[in-house]
Amino acid sequence: MKLRLWSETSWRGTWAKAKAGAKVRTHAFVVLLVFLATLAAFVYYANSVRNSVHKDVDSAFQQQLRVLSTGTTSRLQLYEGILRGGAGLFFVNKTLTQANWTSYFRPYDIQSQFPDVEGIAFDRYLTTNEVSAFLQSIHEQGQPSFTITPPGERAVYVPTTYMAKYSSPNDKASGYDGYTDPVRKAAMLEAATSGNPTMSGQTRLRSAPNTPTFIMYLPVYADSSSLDTPTERQAATYGFVSVAVNIHDFVTRLLKQNPNKNFGLKWYDAQSPRNNQLVYKSRNFDELAKESDSVIQTIPFTTYQHNWKVTAVVGPGVVPTAERERPFTTLAWGVLASTALASVIWVLISSREFLLNRQKQLEVQTAKDDLLSLASHQLRTPATVVKQYVGMLLQGYGGKLTRGQTSMLKHAYDSNERQLQIINQLLYVARLDAGRIILHKEVIDIGNLLKQVCDEQRIEASQRKQKLVCEIPEHELAAEVDPQYFHMVLENLVNNAVKYTPDKGTITVRARPSQDEMLVTVTDTGIGIDEDRQEMIFDKFTRLDNELAANTSGSGIGLYLTNQIVSLHGGYIEVKSRPGHGSSFTVHLPINESGEGIEEISS
Ligand code: ADP
């Protein structure tokens, strides 16, 4: 079993990762809190909006009920007026005729003013022994066929005697004894004993057997009778003036006065023998009652001594759709706003974190650059002194040297030379990163510069038995560059070609103008570079593993510097390479006779 000991670095890395994870969790928690708090506020608000919508529906319901109740009362008061008018006639003359009755009510224009009124009648109240005299007087008045229906012996008869508005005087209602109908009888008794107008429950007229109707009665008393007690009043009853009203037309008319398709009702006769008999139902009732937010309420009420019950419904449509949907839109906005706010906070926290990290990175980088610059400056002076002294020794200033001593000093000299090269490169990197490289551009013949570089590299190439071919045209290749830095560019490229090409290989250097560019290409038959690593060779301190790298001195900053300098000249480097077949580095340098495209960079 292998035991793995954690190094300090890995422990620090793990700790840093854990710390970063905890930070992200804290941020996520804060963002979640903001999201939930905002959402909760919106939910609270949406709920209060919902309550206010409910209140609106409820107050619309109450308003509709008020309208209905006022309408009912004022309409019934009109009928009461008609009753009192009819009863007034009998104070003038107790012996009226059907003709008097019809004439009296003609100005009322019942047909058009009271379309819900089936008829206005006078029903004579008779005890058994009054019947024959009554019939005789009616027959004499011009109604010879008048009979009391239904036939039969009864203690009290209340036949309909005079009628207005009914289809004709020979109508089926004529002579009908309403006292035989328990519903009417109850109302008549109540009216007779109380002396007040009284309303019956639902009944059906002989003339309109399919129409639910209520009848209002007002008693007419015999003259000079005492009317102090119910018994006295009943005994003095001469008859009743009655108004028969079609319930359906009555309610429909009431609802039409304040039409609202979101209001419906059911009207019950609370005193009917069949308890709570339905006498009217609006068509929209069931549909409205089904809706989830509708308000339904049943209210009992009494009019003219009769008990009724109304179940009313108000649908949510009574409140405008936009108003009703406000709770949902508020909630939807809430979700959106909470998400947006949470996202903004997340972005703010993240970007703050990013900026802090970036600032830290910059501080670290600056510290590194300063260290690099300091170290390379401090190294350069002693290394140069070593070079001078070793050079003096090799030139014999220290006396004659043996062959062995000379060889050893040459090795020391070469190593010191490489050391100085690396120190110089480090210095350039430090300057570059600090933005302190200033190009002093001038128009020169690039061909001459290339020849010079080729000559310098030829010794090393020949030591490796390599062929270094410089294909430079005879004519001048003018370009505006900083000669010192561009020399460094060409030197790095040719030197790399030499370094990374095995013995006996070929290095070819070409230069040619192409449109508005100057192209300098260094091609070798060397080890080549994998495609996926071709970009990283331009990174600082990057060396690829290959069989030649181990035996080749290098710092991994040559191409970084080369690339940066070419960029400062406004150009770029193109790499083409195939592992095992060689590489080709082409510098694209902008040239433009007008000077455009050649960037004057002084950093
Ligand atoms: P170095 O000092 O290592 O040469 P460079 O920055 O000049 O640093 O090059 C970076 C890496 O790119 C080298 O280590 C080498 O692996 C690769 N490289 C550069 N030029 C060539 C080339 N002509 N052929 C193959 N590999 C190359």
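A quick note: this is a predicted structure, and the numbers were derived from the prediction, not measured. In this chain, numbering begins with 1 at the start of the sequence shown. Note that ligands are numbered from 1 as they come in the structure, with each ligand's atoms numbered from 1 the same way.
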- Task: Any atoms of ligand 1 less than 4.0 Å from a non-hydrogen atom of Gly558? List them with their elements.
- Result: 5 (P), 6 (O), 7 (O)
- Query: Taking the non-hydrogen atoms of Phe585, is any one of them nearer than 4.0 angstrom to ligand 1?
  - Reply: yes
- Task: For Ser577 and Ser583, test the side chains for any donor-to-acceptor distance below 3.5 angstrom and give the result as yes or no.
- Result: yes
- Message: Using side chain to side chain contact (heavy atoms under 4.5 Å, CB included), reason through Val575 and Phe538 one step at a time and then give a plain yes or no.
- Response: CA-CA 11 Å; Val575 187; Phe538 294 102; 3.5 Å; yes
- Can a non-hydrogen atom of Ser583 be found less than 4.0 Å from any atom of ligand 1? yes
- Note on the structure: Within the 4.0 Å heavy-atom cut-off, what Leu559 brings close to ligand 1 is both
- Message: Any nitrogen or oxygen of Tyr500 lying under 3.5 Å from a nitrogen or oxygen in ligand 1? Just yes or no.
- Response: yes
- Message: Heavy-atom count check: over 12 atoms from other residues, nucleotides or ligands less than 6.0 Å from Glu531 CD?
- Response: no
- Query: Side chain or backbone of Asn492 under 4.0 Å from ligand 1, or both, or neither, by non-hydrogen atoms?
  - Reply: neither
- Item | Numbered atoms of ligand 1 (with element) below 4.0 Å of Leu544, judged on heavy atoms | 14 (O), 16 (O)
- Where's the contact between Ile557 and ligand 1, heavy-atom distance under 4.0 Å: side chain, backbone, both or neither? backbone
- Query: Which ligand 1 atoms are under 4.0 Å away from a heavy-atom of Lys499?
  - Reply: 1 (P), 2 (O), 4 (O)
- Task: State whether a side-chain donor-acceptor pair under 3.5 Å links Gln421 with Arg418.
- Result: no
- Item | Flag if over 12 foreign heavy atoms under 6.0 Å of CZ, Arg464 | yes
- Query: Going by the atom numbers of ligand 1, which of them fall below 4.0 Å from some non-hydrogen atom of Thr542?
  - Reply: 10 (C), 11 (C)
- Hey, what's the ring geometry for His588 with Tyr572, parallel, tilted or perpendicular (30° and 60° as the breaks)? parallel
- Can the ring centroids of Tyr397 and Tyr389 be said to lie less than 6.0 angstrom from one another? no
